[in-house]
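One structure is given below, encoded as structure tokens.
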Amino acid sequence: MTDTRFATILERGVAEIITEAELLRLLNSGRILTLKQGFDPSAPDIHLGHVVGLRKLRQFQELGHKVTLIVGDWTARIGDPSGQSATRHMLSPNEIENNAQTYLEQFFKVVDKDKTEIRWQSEWFSQFTLDEVIRLTSKFTIAQLLAREDFNKRYGSGNPISLTEMLYPLLQGYDSIVIQADVEFGGIDQKFNCLVGRELQQSTGQPPQQVFLVPLLIGTDGHQKMSKSLNNQIGVAEHPREIYGKVMSIPDPLIVDYFELVTDVPEEEIAEFKKQLKSRSVNLMNLKKRLAHEIVRQFHGKQAADEAQEYFTQVFQKREIPKETRTVELHGVVDISGKIEVEVQRDITSLIVEAGLAKSRSEANRLLAQGAIEVDGEKVSASLVSLKDGSIIKVGKRRFLRMVDSAKRKWETANS
RNA sequence: GGAGGGGUGCCGGAGUGGUUAAUCGGAGCAGACUGUAAAUCUGCCGCCCGUAAGGGCUGCGUAGGUUCGAAUCCUACCCCCUCCA
């Protein structure tokens, strides 16, 4: 915009900035800004949806600013307002601690640890008195809270809203006062909560924080925002192959969004992609492979990304057996007298249940009946199958198992 | 304080005495097609035993009861929601 130095940071992957002019002024002031980011330790796993905002934090850090990460151990205790039947159990201090730990590990895959300060809500909320609660709540009216879209919808349609849900944004806002946040980051769905922080800061004479809202990333289902509870997420801590595969499975129209929001691929290149997509002069699958590679590399390094790509090509495009497969001991190939039996009969359904390729015996039976099980490339229909050392069992498209008989191997080395 | 509505499988939501492991939709899984895309078609979709045919167990908020038989009827209890005050 006005300043080319901040062009990318203020334009790419941004849903809304409140207020942009003020934020620009702060950026130009030369002051080290306090960037606020909060999280509830109730959901420790970070997925690509979170990464959109975290990447922004990172970009600000690269300009020299400082992140203050707030561990919402108190808001998590109240329970995030979203479930109707959500019988949310109180998190134990232990769980919170563990969740926070997991979260931090993943958080610092994106955000610079050295420029981050971690604060716990309990530092201030555990001392909170009723007097302070009353003072805090007195600053807001029901009408103000009902202005929030989701509350309003629920209220209008006769759905319940609990008091603690109303308290939630106030607590989050209070955090901003304590750490004197200059900018709060969040997804566009956090707009209301962040704005409450602004109001609260003003009411105590603090300059109001700027609010930096990023778009919500659509999940692998192609419709709804990425979220763990919708099971359409791609977690940053997932296995590289898994991340790669999940990216490959996103619907095509999402490709450009993903490039923009979760990769560093330059804007010009993305513009080129768009052009190519329009004229259909690019192979979509290759573009997607590039995307998947970029994303895996970001969290697990180039080597892992290469490996995941190779795996994908091999297993899904060429339909080959992956090089490394889980192995399972196949007993009984060598009989008591030491003679080698070439094959052994095994009950395939119980075998794949034991190996964890199917959840239950019933499921295994179903898979068998549906022709989803192959042994050494041959579809299996009876439950008794002949296996030998080195046999490969394939269940569905992507579950593999290699049978190994170490006794046989030993026998062979001993007799050679 | 008063009145009313409701608790069914992962989710939504039918079902008011037997043919109900429970209609239907979504999600999920598998097969065909394929680019682990989209679209489409087909099948599956509680657990256990059985190669199979088949059998057993558990299940409609909880606990009892009526009945040859209950998600469905009765009793008590628990929980949730809405409206009025």
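Within every chain, numbering begins at 1; the chains are lettered A, B, ... in the order of the sequence lines, protein sequences first and strands thereafter. Source: prediction; values computed, not measured.
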Using a 4.0 Å heavy-atom cut-off across all strands, classify A:L367 as base, sugar-phosphate, or nothing.
-> sugar-phosphate
Would you give a per-nucleotide map of nucleotides 31-37 of chain B, 5' to 3', where B means the base has a protein non-hydrogen atom under 4.0 Å away, S means only the sugar-phosphate does, and - means neither?
-> S--BBBB
Atom-to-atom span, CG of A:N232 to P of B:G26 - whole angstrom = 18 Å
Separation of the P atoms in B:C77 and B:U82, to the nearest angstrom | 23 Å
Return the value, rounded to whole Å, for the distance between atom CG of A:L357 and atom C1' of B:C29.
-> 14 Å
Any pair counted as ring pair (Phe, Tyr, Trp, His ring centres under 6.0 Å), so long as it reaches residues 216-255 of chain A, sequence neighbours left out = A:Y244-A:F312
Could you list the residues that satisfy salt bridge (Lys or Arg N to Asp or Glu O under 4.0 Å) with A:K113, not counting sequence neighbours?
-> none
Using the C1' atom in both, what is the distance from B:G15 to B:U23, to the nearest Å?
-> 8 Å
Between B:G65 and B:C10 - P atom distance, rounded Å | 28 Å
Salt bridge or not for A:E307 and A:R241, using N-O below 4.0 Å?
-> yes
Watson-Crick or G-U stems involving RNA chain B, each at least 3 pairs long, distances under 3.5 Å, ordered by first number | B:1-7 with B:78-84, B:10-12 with B:24-26, B:28-32 with B:40-44, B:46-49 with B:54-57, B:61-65 with B:73-77
What is the distance, rounded to the nearest whole Å, between atom CG of A:L287 and atom P of B:A38?
-> 16 Å
For B:A38 and B:U51, measure between their C1' atoms and round to the nearest Å.
-> 40 Å
Rounded distance (Å) that lies between atom P of B:G28 and atom CD of A:Q224 = 11 Å
Using residues 297-304 of chain A as the side-chain source, report each donor-acceptor pair under 3.5 Å to any protein atom, sequence neighbours left out, with the distance given to one decimal.
from   : atom 1 : to     : atom 2 : distance (Å)
A:R297 : NH2    : A:E294 : OE1    : 2.8
A:Q298 : OE1    : A:R55  : NH1    : 3.1
A:Q298 : NE2    : A:V262 : O      : 2.7
A:H300 : NE2    : A:V236 : O      : 3.2
A:H300 : NE2    : A:E238 : O      : 3.0
A:K302 : NZ     : A:D306 : OD2    : 2.9

Just the atom pairs and distances: protein N or O near nucleotides 47-49 of chain B's N or O, under 3.5 Å.
from  : atom 1 : to     : atom 2 : distance (Å)
B:C47 : OP1    : A:S360 : OG     : 3.2
B:C47 : OP2    : A:R366 : NH2    : 2.6
B:C48 : OP1    : A:R361 : N      : 3.4
B:C48 : OP2    : A:R361 : N      : 3.2
B:C48 : OP2    : A:S362 : N      : 3.0
B:C48 : OP2    : A:S362 : OG     : 3.0
B:C49 : OP2    : A:R361 : NH1    : 3.4

Between B:G64 and B:C78 - C1' atom distance, rounded Å | 14 Å
Carboxylate-amine/guanidinium contact A:R361 A:D347, below 4.0 Å | yes
What pairs meet the salt bridge (Lys or Arg N to Asp or Glu O under 4.0 Å) rule with one or both residues in residues 250-262 of chain A, with sequence neighbours excluded?
-> A:D252-A:K288, A:E260-A:K274
Which residues share a salt bridge (Lys or Arg N to Asp or Glu O under 4.0 Å) with A:R326, sequence neighbours left out | none
Partner residues of A:K225 under the salt bridge (Lys or Arg N to Asp or Glu O under 4.0 Å) criterion, sequence neighbours left out | A:D189
Round to the nearest Å and state the distance from A:D347 atom CG to B:U51 atom P.
-> 7 Å
What integer number of Å spans the P atoms of B:U20 and B:G46?
-> 16 Å
Side chain to side chain, A:V52 and A:L48, heavy atoms closer than 4.5 Å | no
Let me know the distance between NE2 of A:H223 and P of B:A27, rounded to the nearest Å.
-> 8 Å
Pairs satisfying ring pair (Phe, Tyr, Trp, His ring centres under 6.0 Å), at least one member in residues 270-291 of chain A, at least two apart | A:F259-A:F273
Residue pairs fulfilling side chain to side chain donor-acceptor pair (under 3.5 Å) with at least one residue in residues 363-377 of chain A, sequence neighbours excluded | A:D376-A:S391
Distance between the P atoms of B:A14 and B:G25, in whole angstroms?
-> 15 Å
Quick one: salt bridge (Lys or Arg N to Asp or Glu O under 4.0 Å) partners of A:E199, sequence neighbours excluded?
-> none
B:G55 to B:U66 separation - C1' atoms, rounded to the nearest Å | 30 Å
